[in-house]
Every structure is written in structure tokens, then in C-alpha cells.
Trainee: 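Questions regarding the structure given below will be posed in turn.
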Amino acid sequence: MAREGNFKTEPHSQPPSSSSNQQEAGEHLRSWSLEKLLRKLKATETDLDDKFTSILNSLGHFGTFQQKLVALTLLPNLLSAFFMFADIFVFTVPKPYCNTSWILAVGPNLTEAEQLNLTLPRDTNGSFLTCLMYVPVTWDLDDIIQFGLNYTQSCSNGWIYPESKRRSVINEFDLVCGEELNREAVHTTILAGLLIGSLTFGFISDKLGRYTSILLSILGLMIFGFGTAFVGNLNQYLFFRFGVSQALVGFSINSVSLASEWLVGEHRAHAIILGQCFYPLGIMLLTALAYSVPHWRLLFLLGGSLVFSLIFYICILPESPRWLMMKGQVEEAKRVLCFAARENKKNIPLSLLGKLHAPGKKATKASVLDFYNNRQLRKVILAIGCVGFTAGHSYFTLSLKMRDFDMNLYISQMVSAMMELPARLGSIFLFEQFGRKWTLAVILLQGTFMNFLVLNFPSDLKSVVVLMVFVGRFSLSAWIAGFFTYTAELLPTVLRTTGLGLGILAWASGAILSITLINQSLTPLSSSLCLISTICSLSLCYMLPETYGQPLVDSLEHYCLHPRTMSDDLDDDLTADHALCDVTTEVAKNTILNVTMNLNPRPLNNTSLKAEEKFKGRRVTEGPR
């Protein structure tokens, strides 16, 4: 039975049997608020969460098993950055000239320079025109040299790229002279894949498990990542890039969820942020390979071949014990926990394992609609979405502005990656010293402020603008690393990957809108959107709770039973929220009965007993005197 001290109420003196005091106890019971009752039920569930955390602590905070688990997430993150940013290097634009090999029929010994000089018209500055050629004639070579050619036409036999030493997608599929593909269209295709994949894999993971979803993501990387090297036209290329982006986001959200559900304390944030640090390392690897490899197909072959090293994940990747518990697979959860204990050479006390039991049906029942139906969860996902949209818009705006400075492609990408690495590593210190919520808010404010300045600063001050772009990307890179950690800690296990997917969906939406506005030269609109979205994001961040040092949440009951611990900063409309929660009547009655027995251990008279019967909602027979 619950003790009076557990309720944190003011103690009431109870002198020997007194009718007035008994009636006062009855009045006290009838006035017992729903909020206090729910807080008691919440304390019970938090205790269960602490027991699961105790089991994970008994495995060792960061033993051999946890180290292997973190290592399994690092290589795919490296490859994710490789496939995510490969388009930057394979869409380099060479200078095209019309293919005029027809003249070789009358002058087979002509050099390439002589061939171009005789068959291509020149611009006023003396350079060859790229999309025009002289009309072929049937003259002999001497007549062509003596009289020259005068009539021009569009290229009729393809193009050549004599100044290009690399084979890119542009000269592979002749995307020149009216057939150009806007590079932003490729970025939009990638982001659309992130948008669709975030929803798809978020749903799959919460329904089928982290293990299954990660394996499906790796399979997608094998098919679409490695397969990109064998596409035959541009449409196939875009389709494979769309597919690989879905696999990338699928692995990202599931690896974060798996790490957060296996690790405890500060190791959780360290592991997630360390995994995020492998993104800039992947960009460095991509830049080095792109500079060294002359053919875009070979670049995808090298990157795609590394994916096949992940096949062994089938045998060694563990499932999340928290997800297994929420799905009622208690024995399987105990099995993976015992396996982890053996890896770490630890023993889990049987008393702790014995306390693991399958949750109720209402605790495990969850769907994406709960992000709308549950008031507290709706506030959380709205804040996550708004913040993600703001960061995605600002990050891509700064990235697109980098192209206006005519910097060397390889140098700019390498420098950006080298700056992002310490930014993400440094976020570990900030999150531990100042907490998750306000650290992310300040970093987001700094990044979006730099974006606002870049959009409104005079472009002739190139060095200053470049510096602001790098500072903005530095800040937003640190924000991205913390965003995954904070979001994973905010959301319950039953909807964790779905919520992470919705956050990335908002991020991709902001990025797509940024591309659209920059391409349409709508800088004032982009600047206004940056300002408004930042204000909204910071306002919504105020409502979010601090998760540093708090246990993970597994079920939606937490959002119903514990809105105060969910956030001390939420609005004071909690009473209505409590009434909407799925608190079973029997649990409430039993708790109130325990309170009654503790507050009034002596027998009650008929009057107070009837009041108690009315309050409990059922008839109680009068006990012996």
C-alpha cells in the first residue's frame, strides 16, 4: 500500500476516534485532486523506468558490448555522407564544343586544334562558340582552308569536351546546350527522398524494430548506392539517387534510436554525437576520392563497394531491448540483455530481470496520429518540426551562397568539413555544461542570425560574407549533432523513430524551400522567412523540457500521466490534459482506496462509510467493530 509520505502532502493529525475528524478525512478524500492522483501513478511508472535503467547500468556504463554497438554505427555514417554529397563532384560543368568529326573524312591528319579552328565559329572575344558549328560541306580540305566556312547551325552530332580531364555526369549524358539540368533539381530529388524515407523508415522501425529497419536501409544502400555506377541515362540516375537518399535517412534515424535505447547517461549523447562526427569525415573522404578519381562511375563503384562490408550486420547487430519490451517480447528482451552482460563479463541480478514484465495494451498502442491526438506530444512535435524547418532552411541557404564566391570546389568542401568536425565535437561539452534545450536554442539563433546577415549584407564585401557563411555553417553543424540527441531523448520508444523522421521531414522541407527561393532570386522573402521561423522556433523551444540526466520515456502514458516532468515550462492547462489521458478506472480506484486506508486506519462510522462508498463508486460492506 502507498504510504502517506509518498504523496508529498501536508501531514494531518488524527486524534483518537472522532466523528468530526473522520468526516474531515472523508472530505479530504473527496477533494483529492486528479492531478495529485496522476502524479502518484506517474511516480510508479518512473520507478519502473529507473529499474530498466538499473539493468542497463548493471551491464557496465560503456563496456565491450556498448563499444561494439557504437562502432557499428560509424562506418555507415561515413558512407552516408559519401552518397549524400556525391552530386557536388559528379555534376562539374565542362566546356562543350560541337562534335565536328565530319571534317576528318577529308582531313584525317588534322590535329584537334586545327579541326576546331576550321569547323567552329568564334565569339567576338576570339573564343570558340560552344553550341554552334559550321554547316558541313562536301569540299576538299584545301578549299575549306582557302575559302573557309560561313553558315552555322546547332550541334548535330553531339559534343566533345577537349578541355575536360574528368568524366562527369554532364559530359556522360551531354547535359549542355539547351539540355542542361539545373543542379538544384538534383538537390531537390535527394531532399524529396529524405522526406519520403523519413516517414517510411520511421513507421517501419516503430512497427518492425530497429534491427529490421537498419538491415533494410543497408540493403537500399547496396542496391541504389552501388547501382548508381551502372545507370544508362539521367532519369535512371535521379531514380537511384532518390532511392539511396531514403536508405540514408532510414539508417540515420534508426542508428540514433538504437544507440539511445542501449546507452545511459552521458554515454548516450557521446555516442550519437560521435556518430554525427563521421559525416564531415565522410565528406573529406569523398573530396579526396573525387579529386583523385577521374570518372564519376568509378567514384560510385568505390563508395558502393564499401557498403557490402556491412553484410555481417545480420549476425551481430542487436535489437533494442526497450523496443522489445514495448512490443511485449519480454523473453527476447531478457535474452539480448543477458547476451550484452556476457559480452561485458557482467551479471544482471535476477531480482532486476524478474521485475521486467510486458506493459499493458494501452501502453504499447501508438500510431503517428498520436502526434495530433495527444496534446503534450503535439506540442513537442510541433516544436521539433519548426526548429528543424528553420535549421534546414538556413543551412541550405548558406550552402548555396558558397557557390557565389567562385571558390575552388575541392578546397571549399574540405575546409567546410574540417570546420564542421570540431563544431560537432565541441557540442558535447556545451550540452553537458548548459543542458540540451538552451544550448540548441542559442546555437540555432547564432546560425540563423548569420544566415540573415549573409542574405542582407553587401555582396562586394566578399571576405566578410565568406566568414559569416563559415561561422553560420559551423553553428548549424553543432546544432545538427545535438538535434538528434535531444529529439531521441524527448520522444517515447513506441514513436521515437517516427518522431525523428518527422523532424527530418521538416528539415528537408525547409531545405527545399530554401532552394526554391534562392533560384527565384527571392532574397527578401527568404530573409523574412528566416526571421519569422527563428522567432517561432525559439518561442516553441521555451515549451520543451530539459532532458539532460533524465531517463528515457518508453510509452505514451508518460505524456498523459506526467506532463509536469515532461516539461515544467508547458502551459498551465494540465487539468484538461489529465482528463483526456488513458488512465484506467480500476487503477485510479485502487490508488484512492490505498490513500483512504492510510489516511483513516480506524473504522469509519456509517456516515463517513457511505461517503467513502460514493467516492469509490462501488458498495463496501461495513467491517466488524
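Because the structure is a prediction, the values reported are computed rather than measured. Heads up: numbering here begins at 1 and tracks the sequence. When reading the values below, keep in mind they use all heavy atoms of this one structure, side chains included, and skip hydrogens, waters and symmetry mates.
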Trainee: Using a 4.5 Å cut-off on heavy atoms from C-beta on, say whether the side chain of S168 contacts that of H295.
Mentor: no
Trainee: Judged by modelled atom types alone, do S526 and H393 share a side-chain donor-acceptor pair under 3.5 Å?
Mentor: yes
Trainee: Indicate yes or no: does E172 engage R297 in a salt bridge with an N to O separation below 4.0 Å.
Mentor: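 Salt bridge present between E172 and R297.
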Trainee: Can you list everything that forms a disulfide bond (SG atoms under 2.5 Å apart) with C530? Sequence neighbours excluded, please.
Mentor: none
Trainee: Between S305 and L302, is there a donor-acceptor pair closer than 3.5 Å when you use the side chain of the first and the backbone of the second?
Mentor: yes
Trainee: Taking only residues two or more places apart in sequence or in another chain, which ones pass ring-ring contact (aromatic ring centres under 6.0 Å, His included) with F230?
Mentor: F226
Trainee: Hey, would you say the W479 and Y486 ring centroids sit under 6.0 Å apart?
Mentor: no
Trainee: Heavy atoms only: give me the nearest L430-T439 pair and the separation to one decimal.
Mentor: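 Shortest heavy-atom contact: O-OG1, 3.4 Å.
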Trainee: Keeping Q413 on the side-chain end and L409 on the backbone end, is there a donor-acceptor pair under 3.5 Å?
Mentor: no
Trainee: Starting at CG of N157, measure out to SG of C98 and round the result to the nearest 0.5 Å.
Mentor: 9.5 Å
Trainee: Strictly under 6.0 Å, is that where the ring centroids of F452 and F457 end up?
Mentor: no
Trainee: Using the side-chain contact (heavy atoms from CB on, under 4.5 Å) rule, take L502 and S198 through it: C-alpha gap first, then chi angles, then the decisive distance, then the call.
Mentor: CA-CA 7 Å; L502 291 175; S198 62; over 6 Å; no
Trainee: Please name the pair of heavy atoms, one in L310 and one in P76, separated by the smallest distance, quoted to 0.1 Å.
Mentor: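 It is CD1-CG, 4.0 Å.
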Trainee: Quick check against the 3.5 Å criterion: does S127 have a side-chain atom that pairs as donor or acceptor with the backbone of D123?
Mentor: no
Trainee: Is the side chain of Q115 donor-acceptor paired with the backbone N or O of L104 at a distance under 3.5 Å, no angle test?
Mentor: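 Not at all, since once roles are kept as given, no pair shorter than 3.5 Å links the two residues.
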Trainee: First locate atom CD1 of I88, then atom NE2 of H187, and finally report the distance between them rounded to the nearest 0.5 Å.
Mentor: 6.0 Å
Trainee: Just by distance, with hydrogens left out, do Q246 and T200 show a side-chain donor and acceptor under 3.5 Å apart?
Mentor: no
Trainee: Would you say the side-chain atoms of N77 pair up with the backbone N or O of F278, donor to acceptor, closer than 3.5 Å?
Mentor: no
Trainee: Does any non-hydrogen side-chain atom of I480 lie less than 4.5 Å from one of E420?
Mentor: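 They are not in side-chain contact.
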Trainee: Any chance you could lay out the side-chain contact (heavy atoms from CB on, under 4.5 Å) test for L317 and F312, step after step, and finish with the verdict?
Mentor: CA-CA 8 Å; L317 190 70; F312 69 93; over 6 Å; no
Trainee: Enter the distance from L517:CG to L400:CG here, rounded to the nearest 0.5 Å.
Mentor: 10.5 Å
Trainee: Can a side-chain donor-acceptor contact be found between T390 and S537 if the only test is distance below 3.5 angstrom?
Mentor: yes
Trainee: Got S394 and L476 here, is their nearest side-chain heavy-atom distance under 4.5 Å?
Mentor: yes
Trainee: When you check the gap from the basic side-chain N to the acidic O, do D87 and R241 get nearer than 4.0 Å?
Mentor: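 A salt bridge is present here (some side-chain N lies under 4.0 Å from a carboxylate O).
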Trainee: K68: which residues meet the salt bridge (Lys or Arg N to Asp or Glu O under 4.0 Å) condition with it, sequence neighbours left out?
Mentor: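 Residues passing salt bridge (Lys or Arg N to Asp or Glu O under 4.0 Å) with K68: E343.
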Trainee: Please determine whether a side-chain nitrogen of the Lys or Arg among E319 and R210 lies less than 4.0 Å from a carboxylate oxygen of the Asp or Glu.
Mentor: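 A salt bridge is absent here (no side-chain N lies under 4.0 Å from a carboxylate O).
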Trainee: Counting distance only, does the side-chain N/O of R424 pair as donor-acceptor with the main-chain N or O of P280 below 3.5 Å?
Mentor: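 No, the answer is negative, given that no donor and acceptor are paired below the 3.5 Å cut-off.
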Trainee: On a heavy-atom basis, which atom in A192 and which in I512 lie closest, and how many Å separate them?
Mentor: N-CD1, 4.3 Å
Trainee: Show the numbers, then the answer: is there a ring-ring contact (aromatic ring centres under 6.0 Å, His included) between W102 and Y134?
Mentor: CA-CA 11 Å; W102 61 268; Y134 287 121; 9.3 Å; no
Trainee: So which atom in L69 and which in W262 form the shortest heavy-atom distance, rounded to 0.1 Å?
Mentor: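 Result for this residue pair: CD2-CB, 3.4 Å.
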Trainee: Can you tell if the side chain of I214 reaches within under 4.5 Å of the side chain of I218, non-hydrogen atoms only?
Mentor: yes
Trainee: Could you tell me if Y97 and T119 have a donor-acceptor pair between their side chains, going purely by distance under 3.5 Å?
Mentor: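 No donor-acceptor contact under 3.5 Å links the two side chains.
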Trainee: In sequence, state the C-alpha distance, the side-chain angles, and the governing distance for L529 and F389, and then conclude on side-chain contact (heavy atoms from CB on, under 4.5 Å).
Mentor: CA-CA 11 Å; L529 180 63; F389 177 89; 4.2 Å; yes
Trainee: Just checking, is any N or O donor in the side chain of R122 or N117 under 3.5 Å from an acceptor N or O on the other one?
Mentor: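 Yes.
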Trainee: So do L75 and S309 actually touch side chain to side chain, heavy atoms under 4.5 Å?
Mentor: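 The answer is yes, as the side chains (C-beta and beyond) meet within the 4.5 Å cut-off.
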Trainee: In terms of the angle between their ring planes, are Y410 and Y291 parallel, tilted or perpendicular, with boundaries placed at 30° and 60°?
Mentor: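 Ring orientation of Y410 relative to Y291: perpendicular.
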Trainee: Roughly how far, to the nearest 0.5 Å, is CG of L274 from CG of L425?
Mentor: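 Nearest 0.5 Å value for the CG-CG distance: 7.5 Å.
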Trainee: Could you check if a side-chain atom of R473 sits within less than 4.5 angstrom of a side-chain atom of S416, using non-hydrogen atoms only?
Mentor: yes
Trainee: Mind listing the closest non-hydrogen atom pair of L258 and S320 along with its distance?
Mentor: CD1-N, 3.7 Å
Trainee: Ignoring hydrogens, what is the shortest heavy-atom contact between L132 and P121? Give both atom names and the distance.
Mentor: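 For L132 and P121, the tightest heavy-atom pair comes out as O-CD, 3.6 Å.
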Trainee: Could you tell me whether a side-chain N or O of S245 sits under 3.5 Å from a main-chain N or O of F242, the two making a donor and an acceptor?
Mentor: yes
Trainee: Does T73 offer a backbone N or O that forms a donor-acceptor pair with the side chain of S255 under 3.5 Å?
Mentor: no
Trainee: Under the side chain to side chain donor-acceptor pair (under 3.5 Å) rule, what do Y237 and T189 come out as? Steps first, then yes or no, please.
Mentor: CA-CA 11 Å; Y237 178 87; T189 301; over 6 Å; no
Trainee: With a 3.5 Å distance limit and no angle check, can you tell me whether S527 reaches the backbone of T523 through a side-chain donor-acceptor pair?
Mentor: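 A pair under 3.5 Å: no.
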Trainee: Would you say V176 and C131 make side-chain contact, with heavy atoms under 4.5 Å?
Mentor: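 Side-chain contact under 4.5 Å: no.
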Trainee: Does the side chain of F431 reach to within under 4.5 Å of the side chain of T485, using non-hydrogen atoms?
Mentor: no
Trainee: With respect to L116, which candidate in I103, T111, I160 satisfies the side chain to side chain contact (heavy atoms under 4.5 Å, CB included) definition?
Mentor: I160
Trainee: Is T487 reaching over with its side chain to a backbone N or O of F484, donor-acceptor style, under 3.5 angstrom?
Mentor: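 Side chain of T487 to backbone of F484, a donor-acceptor pair under 3.5 Å: no, none is there.
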